Each structure stands twice: as C-alpha cells, then as structure tokens.
> 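Have a look at this one.
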Amino acid sequence: MTIRVGLGFDVHRFAEDPARRLVLGGVELPLKPGLAGHSDADVITHAVADALLGAAGLGDLGDHFPDDDPVWEGAESTALLARVVDLVTAAGWRPLNVDCAVVLDAPRLAPHRARMQQRLGTVVGAEVSVKAKRAEGMGAVGRGEGIACWAVALVERE
Ligand SMILES: [Zn+2]
C-alpha cells in the first residue's frame with residue numbers, strides 16, 4: 001500500500017466589518033465578526049484542503065482557486081474542499097484521515113468541534129479531527145487578531 005502525508009497551513013485576520021459571519025470547519029458560528037478573506041475565509045477548511053492537495057502532490061489551494069477569481073467571492077469553503085477531494089480522488093488517491101490544530105484566542109471551539117468534525121468528515125469522506133489551542137498571548141494570534149490552522153492529511157493510492 002502506498003500512503004502519503006500532506007501538510008496544510010492557513011491564517012486569516014478578523015474582518016473589520018462587524019457584520020461579517022464567522023465560518024469555521026464548515027460550521028457558521030453564532031459570533032461576529034468573522035474572518036477576512038475572498039471566500040468565507042474558513043481557515044480550518046482551507047488548511048484541510050491544502051493538506052489534501054499536498055498529500056496528492058497537486059500544488060496548493062491558490063493554484064486551483066485563485067483569490068482574484070470572482071467565481072470564488074464569498075464562496076462556501078466546503079464547496080472548494082469538495083472540489084479538492086474530487087481532484088485528489090481523480091489523481092488516484094483516497095483520503096484516510098485528517099488532523100487539524102487550530103490556534104486561536106477566541107472563540108472557544110469546544111462547543112462546536114463535534115459539528116465541525118462531522119461536517120468536514122462528510123465532505124472529505126474520511127475521519128477529520130479538530131483540536132484547538134491558545135497562543136498564550138504571544139504574537140498576532142495571541143492578541144486575538146486572527147486565527148491560524150495547521151492540518152495534516154494521510155492519503156492512500158487507490
Ligand atoms: Zn484561507
């Protein structure tokens with residue numbers, strides 16, 4: 001069996017627009033503001049997509065979905081992730097599992113983790129785990145300016 005691993009990273013700052021919705025791991029949280037970005041700025045879903053693309057040797061999210069392409073303005077990132085899973089599958093790879101480490105000061109992810117894991121797992125077609133970590137006040141994320149996420153994905157050759 002041939003297996004490969006991929007690493008994804010993403011970071012988004014909080015939006016200046018107080019009405020911007022907050023979408024994390026494919027779940028809209030009842031909190032504002034959301035993160036700034038061209039799509040819905042779902043930092044977890046973007047990191048997962050990059051990890052899968054990396055594992056399959058297919059470049060990164062920006063290669064496939066340029067952020068100056070109006071098609072993706074305000075797009076649901078889970079739709080992007082579904083496209084990525086199609087690309088990975090078409091290249092002969094099957095996702096085995098994904099693990100995410102989200103670094104943020106607020107909000108608390110614990111109440112939403114199960115829904116995120118379920119939503120992402122459904123889109124990826126494999127187990128996705130989401131873990132949250134605080135930055136202990138250090139750096140931009142520690143000052144609550146944004147959210148960062150790392151993800152690793154394992155795929156096997158079909
Ligand atoms: Zn992103």
Side-chain angles (χ1 to χ4, degrees), residues 5-89 91 95 97-109 112-113 115-126 128-135 138-155:
V5 67
L7 172 67
F9 169 75
D10 196 28
V11 61
H12 284 264
R13 63 172 61 243
F14 283 106
E16 313 242 317
D17 175 2
R20 170 103 172 152
R21 67 201 188 107
L22 178 61
V23 181
L24 290 173
V27 174
E28 184 167 348
L29 275 62
L31 299 158
K32 293 196 172 16
L35 297 166
H38 186 66
S39 64
D40 63 12
D42 183 342
V43 66
I44 300 176
T45 300
H46 291 176
V48 170
D50 251 356
L52 287 166
L53 288 170
L58 293 172
D60 66 27
L61 207 53
D63 295 336
H64 299 277
F65 310 102
D67 65 8
D68 55 0
D69 185 340
V71 169
W72 302 108
E73 180 140 19
E76 294 289 335
S77 293
T78 45
L80 271 66
L81 179 59
R83 290 274 296 266
V84 163
V85 171
D86 286 345
L87 290 167
V88 167
T89 305
N97 79 300
V98 179
D99 187 26
C100 306
V102 190
V103 184
L104 77 173
D105 193 58
R108 281 191 66 238
L109 286 197
H112 312 286
R113 263 182 61 196
R115 276 171 69 210
M116 291 175 188
Q117 292 181 157
Q118 198 210 354
R119 179 87 182 96
L120 291 171
T122 300
V123 178
V124 172
V128 177
S129 81
V130 176
K131 313 186 303 294
K133 203 71 189 151
R134 289 167 56 98
M138 293 181 288
V141 173
R143 289 190 298 271
E145 294 174 18
I147 300 177
C149 183
W150 282 259
V152 288
L154 199 65
V155 298

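As the structure is a prediction and not an experimental result, all values here were calculated from the model. All ligand and atom numbering here is 1-based and tracks the order in the structure.
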> Going by chain and residue number, what protein N/O/S atoms come nearer than 2.8 Å to the Zn ion (ligand 1)?
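Result, waters dropped: D10 OD2, H12 NE2, H46 ND1.
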
> Is atom CZ of R115 surrounded by more than 12 heavy atoms (other residues, nucleotides or ligands) closer than 6.0 Å?
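Result for CZ/R115: open.
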
> Just say parallel, tilted or perpendicular for the rings of F65 and W72, cut-offs at 30° and 60°.
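Answer is perpendicular, since the angle exceeds 60°.
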
> Does CD in Q118 sit with more than 12 non-hydrogen atoms of other residues, nucleotides or ligands closer than 6.0 Å?
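Incorrect, the count does not exceed 12.
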
> Carefully, step by step, assess D10 and H46 under the rule side chain to side chain donor-acceptor pair (under 3.5 Å).
CA-CA 6 Å; D10 196 28; H46 291 176; 3.1 Å; yes

> More than 12 foreign heavy atoms under 6.0 Å from CZ of R13: is that the case here?
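Incorrect, the count does not exceed 12.
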
> How about K131: does its NZ atom have over 12 heavy atoms from other parts shown lying under 6.0 Å from it?
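More than 12 within 6.0 Å, yes.
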
